[in-house]
Q: 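Please see the structure below; I have some questions.
Values below: every heavy atom of this structure, side chains too, minus hydrogens, waters and symmetry copies. First listed ligand is number 1; within each ligand, the first listed atom is number 1.
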Amino acid sequence: MKTIAVLTSGGDAPGMNAAVRAVVRTACENGIKVYGVVRGYNGLINGDFIEMDLRSVSDIINRGGTILYTARCAEFATEEGMRRAVRTCQEWGIEGVVVIGGDGSFRGARDLSERGIPCVGIPGTIDNDIACCDYTIGYDTCLNTIMELVDRIRDTTESHDRCSVIEVMGRRAGYLALNSGIACGATAILIPEVPFDIEKHVIERMKKTQRADKKHFIILAAEGVGIDVKALAEDIEKKTGVESRATILGHTQRGGYPTAKDRIMATRMGNYAVKLLMQDIGNRVVAAQKEEVLDYDIFEALNMKKSIDMNLYNVAHEVSI
Ligand code: ADP
């Protein structure tokens, strides 16, 4: 391949820039022209490209968000949008595309690969919800950010003998809630993968720990369980007598400097993705498993199922009493 493009798509995640940097530098080092695509698949449809060189990606390894901007593009998921994207790639001589995003973005990459533009996906999502990967770019930073924010809430919660009900991100997956819950010693963790009953899993647990002299409580809920944390805090206060407050961490969780782990894995994955394209291999997802970087067929990857580690879930609840 002589010319490739790189884009970021879907939700942004810290470490995406480190992946873009690795893609650009690997391509340049191997004599491949590389375009940065602006605003995900929108840019691919409209030819919104920036020719990148070694210095275009200077000073971004440490930055959250994505310098290429990201977007959701409904048009790309239509036959006409897809045709326009293929035409634009052909006009610009783009022979392969690296797509950094989540599983929605990978569906687009699969469709584009099927239409003759080989794509390689790199998992970039804070939710860690890509089935073929133990780990996705942005997850580690987000987990650490949540831990720091909850620690701050804990200081005030503890000082007032209160209960804090905190909503963290994770629309379909509870990895962030479960692992930050362990890291922060939450009394109860509510995640979409495990059915729960507020009475049994929150109120009774709190009462049990109250009997063991505990006076302040952290309850973590993943966004995906669809709970109104303010209403839950009011309910808890009524039933336990513990003054309760609700916090939605919201977009504070998304940004910030990527952790070392995110930068290192993003760099390895970006490099790996270009090496695949250099061998004319497309329709693949780069994956991380047990610290190893490997790749899967996109179709196969999208059909894989990821389940929560119930052992971890049980450990969390056994310890937080
Ligand atoms: P994420 O990649 O974070 O999961 P989305 O699900 O929003 O984010 O997907 C990002 C973009 O990928 C969409 O805006 C759309 O352009 C493209 N996309 C999503 N699903 C499909 C699909 N089934 N077919 C083609 N393109 C898709």
Side-chain angles (χ1 to χ4, degrees), residues 5-17 19-20 23 37-49 64-66 68-89 94 97-133 135-142 169-176 192 222-224 251 253-255 258 262 266 269-270 273 282-288 296-306:
V6 56
L7 60 86
T8 49
S9 169
D12 63 303
M16 279 183 161
N17 280 326
V20 170
V23 168
V37 184
V38 181
R39 293 191 177 83
Y41 290 124
N42 282 307
L44 207 61
I45 289 177
N46 300 316
D48 200 353
F49 300 140
T66 160
L68 293 177
Y69 300 92
T70 185
R72 298 204 158 87
C73 174
E75 188 188 353
F76 185 75
T78 65
E79 195 50 49
E80 176 53 22
M82 194 70 60
R83 252 202 299 269
R84 284 186 60 196
V86 171
R87 211 179 311 133
T88 309
C89 287
I94 292 165
V97 183
V98 177
V99 173
I100 305 166
D103 55 4
S105 303
F106 293 168
R107 288 195 173 85
R110 173 202 58 200
D111 293 353
L112 205 55
S113 298
E114 279 169 358
R115 285 161 180 79
I117 310 288
C119 295
V120 175
I122 295 181
T125 160
I126 58 169
D127 291 343
N128 201 24
D129 59 350
I130 304 289
C132 65
C133 302
Y135 154 87
T136 60
I137 297 169
Y139 172 67
D140 189 59
T141 303
C142 186
M169 281 191 171
R171 261 178 302 160
R172 286 165 302 158
Y175 302 98
L176 282 172
E223 185 187 0
H251 283 97
Q253 297 163 87
R254 269 201 185 278
D262 275 332
M269 287 178 168
N283 198 33
R284 308 293 290 179
V285 173
V286 178
Y296 281 91
D297 176 85
I298 298 187
F299 190 77
E300 193 188 329
L302 287 171
N303 282 318
M304 288 166 80
K305 293 262 172 298
K306 192 170 188 175

Q: With a cut-off of 4.0 Å, which atoms of ligand 1 are near a heavy atom of G102?
A: 1 (P), 2 (O), 3 (O), 4 (O)
Q: I need the atoms of ligand 1 closer than 4.0 Å to a non-hydrogen atom of R72, numbered in the order shown.
A: 5 (P), 7 (O), 8 (O), 14 (O)
Q: Less than 4.0 angstrom from a charged side-chain N to a carboxylate O is my criterion; do K306 and D103 meet it?
A: no
Q: Quick one, I126 and Y139 - any side-chain contact, counting heavy atoms below 4.5 Å?
A: no
Q: Of all the non-hydrogen atoms in the protein, which one sits nearest to atom 8 (O) of ligand 1, and at what distance?
A: G10 CA, 3.4 Å
Q: Show which atoms of ligand 1 fall inside a sub-4.0 Å distance from at least one heavy-atom site of D103.
A: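 Counting from 1, the qualifying ligand atoms are 4 (O).
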Q: Does the N or O separation between S105 and ligand 1 drop below 3.5 Å for any pair?
A: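 There is such a contact, yes.
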Q: Looking only at distance, does D111 have an N or O less than 3.5 Å from an N or O of ligand 1?
A: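 Yes.
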Q: Contact between T70 and R39 at the side-chain level, heavy atoms closer than 4.5 Å - yes or no?
A: no
Q: State, with a plain yes or no, whether a side-chain heavy atom of F106 is found less than 4.5 Å away from one of C119.
A: no
Q: Roughly how far apart are L68 CG and D12 CG, rounded to 0.5 Å?
A: 12.5 Å
Q: Closest non-hydrogen protein atom to atom 16 (O) of ligand 1, residue and atom name please, with distance?
A: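 Looking only at protein heavy atoms, the one closest to atom 16 (O) of ligand 1 is C73 O, 2.6 Å.
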Q: When you measure from atom 26 (N) of ligand 1 to every protein heavy atom, which one gives the shortest distance, and what is it?
A: G108 CA, 3.4 Å
Q: About how many Å separate CG of L44 and CZ of R84, when rounded to the nearest 0.5 Å?
A: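 So the CZ of R84 and the CG of L44 are separated by 11.0 Å.
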Q: Quick one, T66 and I100 - any side-chain contact, counting heavy atoms below 4.5 Å?
A: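 Side chain of T66 against side chain of I100, heavy atoms only: no contact under 4.5 Å found.
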Q: Check ligand 1 against A77 and write out every atom of the ligand that is under 4.0 Å from a heavy-atom position of the residue.
A: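 What qualifies from ligand 1 is 25 (C), 26 (N).
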Q: Nearest non-hydrogen contact with atom 17 (C) of ligand 1 belongs to which option: G104, A13, A74?
A: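 Heavy atom nearest to atom 17 (C) of ligand 1 belongs to G104.
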Q: Within 45° of the axis and under 6.0 Å from the centre of the six-membered ring of F299, does NZ or CZ of R110 qualify?
A: no
Q: Give the numbers and elements of all ligand 1 atoms closer than 4.0 Å to a heavy atom of Y41.
A: 12 (O), 16 (O), 17 (C)
Q: Counting both backbone and side chain atoms, is some N or O of R107 under 3.5 Å from an N or O of ligand 1?
A: no
Q: Determine the interplanar angle of the Y41 and F76 rings, folded into 0 to 90°, and report it as parallel if under 30°, tilted if 30 to 60°, perpendicular if over 60°.
A: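 Plane angle under 30°, so parallel.
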Q: Identify the closest protein heavy atom to atom 11 (C) of ligand 1: which residue and atom is it, and at what distance?
A: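 Heavy-atom neighbour on the protein nearest atom 11 (C) of ligand 1: S9 OG, 3.6 Å.
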Q: Could you tell me, atom by atom, which parts of ligand 1 come under 4.0 Å of a heavy atom of G11?
A: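 So the atoms of ligand 1 that pass are 3 (O).
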